[in-house]
Amino acid sequence: MIVLLPPSETKRAGGHGDPLDIDALGWPALNDVRRELVDELVALAADREASRRALGISAKQDAEIERNAALRTAPTLPALHRYTGVLYDALDAQSLTGAAAARTMSRLAVGSALFGLLRADDPIPAYRLSASSKLPGRPGLTTRWRPVLEPVLKSVAADDLIVDLRSGSYAALGPLSDAVTVGVVAEHDDGRRTTVSHFNKAHKGRLARVLATTRSEPTDATGVATIARRAGMRIERDGNQLTVVVAA
């Protein structure tokens, strides 16, 4: 089983690893696009106004542009430790030790606008690029990633069950029709249900932790749901779509 996570806009600063080596990342079929995007972001960083427009940031976030300027020289961290935010706080991978930590590093992967697909232990620098970013004079990221990322994901899915926790914009970079997908709804006292938006990341992070650390090896959505229920989560299944139901 592979649990495919979304990235986060926020990323931990610094690192202790050597600078980015694209050839050291998983899935080398993605390397050409990775190199193109790194080159473009480094070049774009020389023009702050153009960078702000392309990345959708303000002048107060110019540190993000500086990160992009240093993509080739900045220290790296394992991808799972680079990303921060609500989902990654709930996952809390750094608290895991021993066999649970080893299973987590082998089972988790991250979808990325810059790198396409990352293993949990792939060493990457801090950067800024979102699935919705539009680099000047270049096609959109979905147009660039889909022809190479979709076949890679299908190849992974041929060997492992994929639980796809990516948001819509990142799923569009490399669609995967056979994956187990997950939604989150809040149930009110009167039975009404509403979609959980921001805090769905926390519930997905908790689910990712449960799936990453279990000794079980599910082969379908039913198996995934069983593992989550054993951990105390309320899960409903409709084919390959799972819904986490939480109290409003």
Side-chain angles (χ1 to χ4, degrees), residues 2-46 48 51 54-55 57 61-98 100-131 133 135 141 144-145 148-149 152-153 156 165-166 170 173-174 201 205 208-209 212:
I2 299 294
V3 182
L4 182 51
L5 305 176
S8 62
E9 295 285 7
T10 56
K11 299 169 184 71
R12 189 167 284 108
H16 48 71
D18 292 336
L20 177 64
D21 178 2
I22 288 178
D23 288 327
L25 304 179
W27 300 289
L30 306 177
N31 284 354
D32 286 348
V33 178
R34 289 165 170 165
R35 288 193 176 92
E36 289 174 2
L37 290 173
V38 167
D39 289 346
E40 290 167 23
L41 285 179
V42 171
L44 183 63
R48 294 205 169 198
S51 289
L55 302 175
I57 61 176
Q61 297 171 288
D62 276 358
E64 302 284 2
I65 300 172
E66 294 167 9
R67 286 179 166 184
N68 285 352
L71 275 171
R72 297 194 189 98
T73 58
T76 57
L77 282 173
L80 193 60
H81 298 159
R82 176 64 72 191
Y83 297 103
T84 60
V86 175
L87 186 150
Y88 289 87
D89 288 346
L91 172 60
D92 195 16
Q94 296 192 69
S95 70
L96 299 171
T97 59
R103 281 192 291 270
T104 295
M105 296 305 280
S106 67
R107 282 181 175 164
L108 296 186
V110 183
S112 165
L114 179 55
F115 300 109
L117 183 65
L118 293 164
R119 299 172 303 198
D121 59 355
D122 276 339
I124 59 169
Y127 67 92
R128 181 66 177 234
L129 187 70
S130 304
S133 298
L135 300 181
L141 292 177
R144 300 175 71 175
W145 271 123
V148 293
L149 182 55
V152 166
L153 286 170
V156 174
L165 301 184
R166 294 176 298 170
Y170 284 93
L173 299 181
K201 295 178 181 179
R209 183 182 176 97

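Side chains are part of it too, since the values below use all heavy atoms of this structure and drop only hydrogens, waters and symmetry mates.
Pairing each heavy atom of P125 with each of A74, the nearest pair is CB-CB, 4.1 Å. For the pair L71 and A126, the tightest heavy-atom approach, listed with the atom from each and the gap, is CD2-O, 3.8 Å. The minimum heavy-atom distance between L141 and A113, with the atom names listed, is CD1-CB, 4.0 Å. Counting all heavy atoms, side chain and backbone alike, G15 lies closest to P75 at O-CB, 3.6 Å.
Applying the salt bridge (Lys or Arg N to Asp or Glu O under 4.0 Å) test to every pair with at least one member in residues 76-95, sequence neighbours left out, gives no pairs at all. Applying the side chain to side chain donor-acceptor pair (under 3.5 Å) definition to pairs two or more places apart or across chains, those involving residues 106-121 are R107-E217, S112-Y127, R119-D122. For residues 64-87, the pairs satisfying ring-ring contact (aromatic ring centres under 6.0 Å, His included) are Y83-Y88, with sequence neighbours left out.
Take D62 and apply the salt bridge (charged side-chain N to carboxylate O under 4.0 Å, His left out) test, not counting sequence neighbours, and it matches R48, R52. Taking the salt bridge (charged side-chain N to carboxylate O under 4.0 Å, His left out) definition, one finds that R209 meets it with nothing, sequence neighbours left out. Evaluation of the salt bridge (charged side-chain N to carboxylate O under 4.0 Å, His left out) rule for R35 yields D23 as partners, not counting sequence neighbours. By the salt bridge (charged side-chain N to carboxylate O under 4.0 Å, His left out) test, R128 pairs with E9, E64, sequence neighbours left out. Taking A69 as the reference, A45 meet the side-chain contact (heavy atoms from CB on, under 4.5 Å) condition, with sequence neighbours excluded. Applying the side-chain contact (heavy atoms from CB on, under 4.5 Å) criterion to A100, with sequence neighbours excluded, gives L96, R103, T213.
Proximity of a side-chain donor or acceptor of W145 to a complementary backbone N or O of G174 within less than 3.5 Å is not detected. Using a distance-only test at 3.5 Å, with no hydrogens or angles considered, no donor-acceptor pair links the side chain of T76 to the main chain of L20. At distances below 3.5 Å, at least one donor-acceptor pair connects side-chain atoms of R67 with backbone N or O atoms of K11.
How far OG of S51 is from CD of Q61: 12.5 Å, rounded to the nearest 0.5 Å. Distance CG/L5 to OH/Y170: 12.5 Å, rounded to 0.5 Å. Note: L25 CG to L30 CG = 9.0 Å, rounded to the nearest 0.5 Å. With values rounded to the nearest 0.5 angstrom, T84 atom OG1 is found 12.0 Å from L91 atom CG. Rounding to the nearest 0.5 angstrom, the gap separating the CG atom in L37 from the CZ atom in R144 is 4.5 Å. Taken to the nearest 0.5 Å, the CG atom of L4 stands 7.5 Å off from the CG atom of L165.
Between N68 and L44, every side-chain heavy-atom pair lies at or beyond the 4.5 Å cut-off. Proximity of V148 to D32: side-chain heavy atoms (C-beta onward) are nowhere separated by under 4.5 Å.
Around NZ of K201, the count of heavy atoms belonging to other residues, nucleotides or ligands within 6.0 Å does not exceed 12.
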>> Working note: V33 + L149, criterion side-chain contact (heavy atoms from CB on, under 4.5 Å); need CA distance, chi angles, decisive distance, verdict.
In response: CA-CA 10 Å; V33 178; L149 182 55; over 6 Å; no
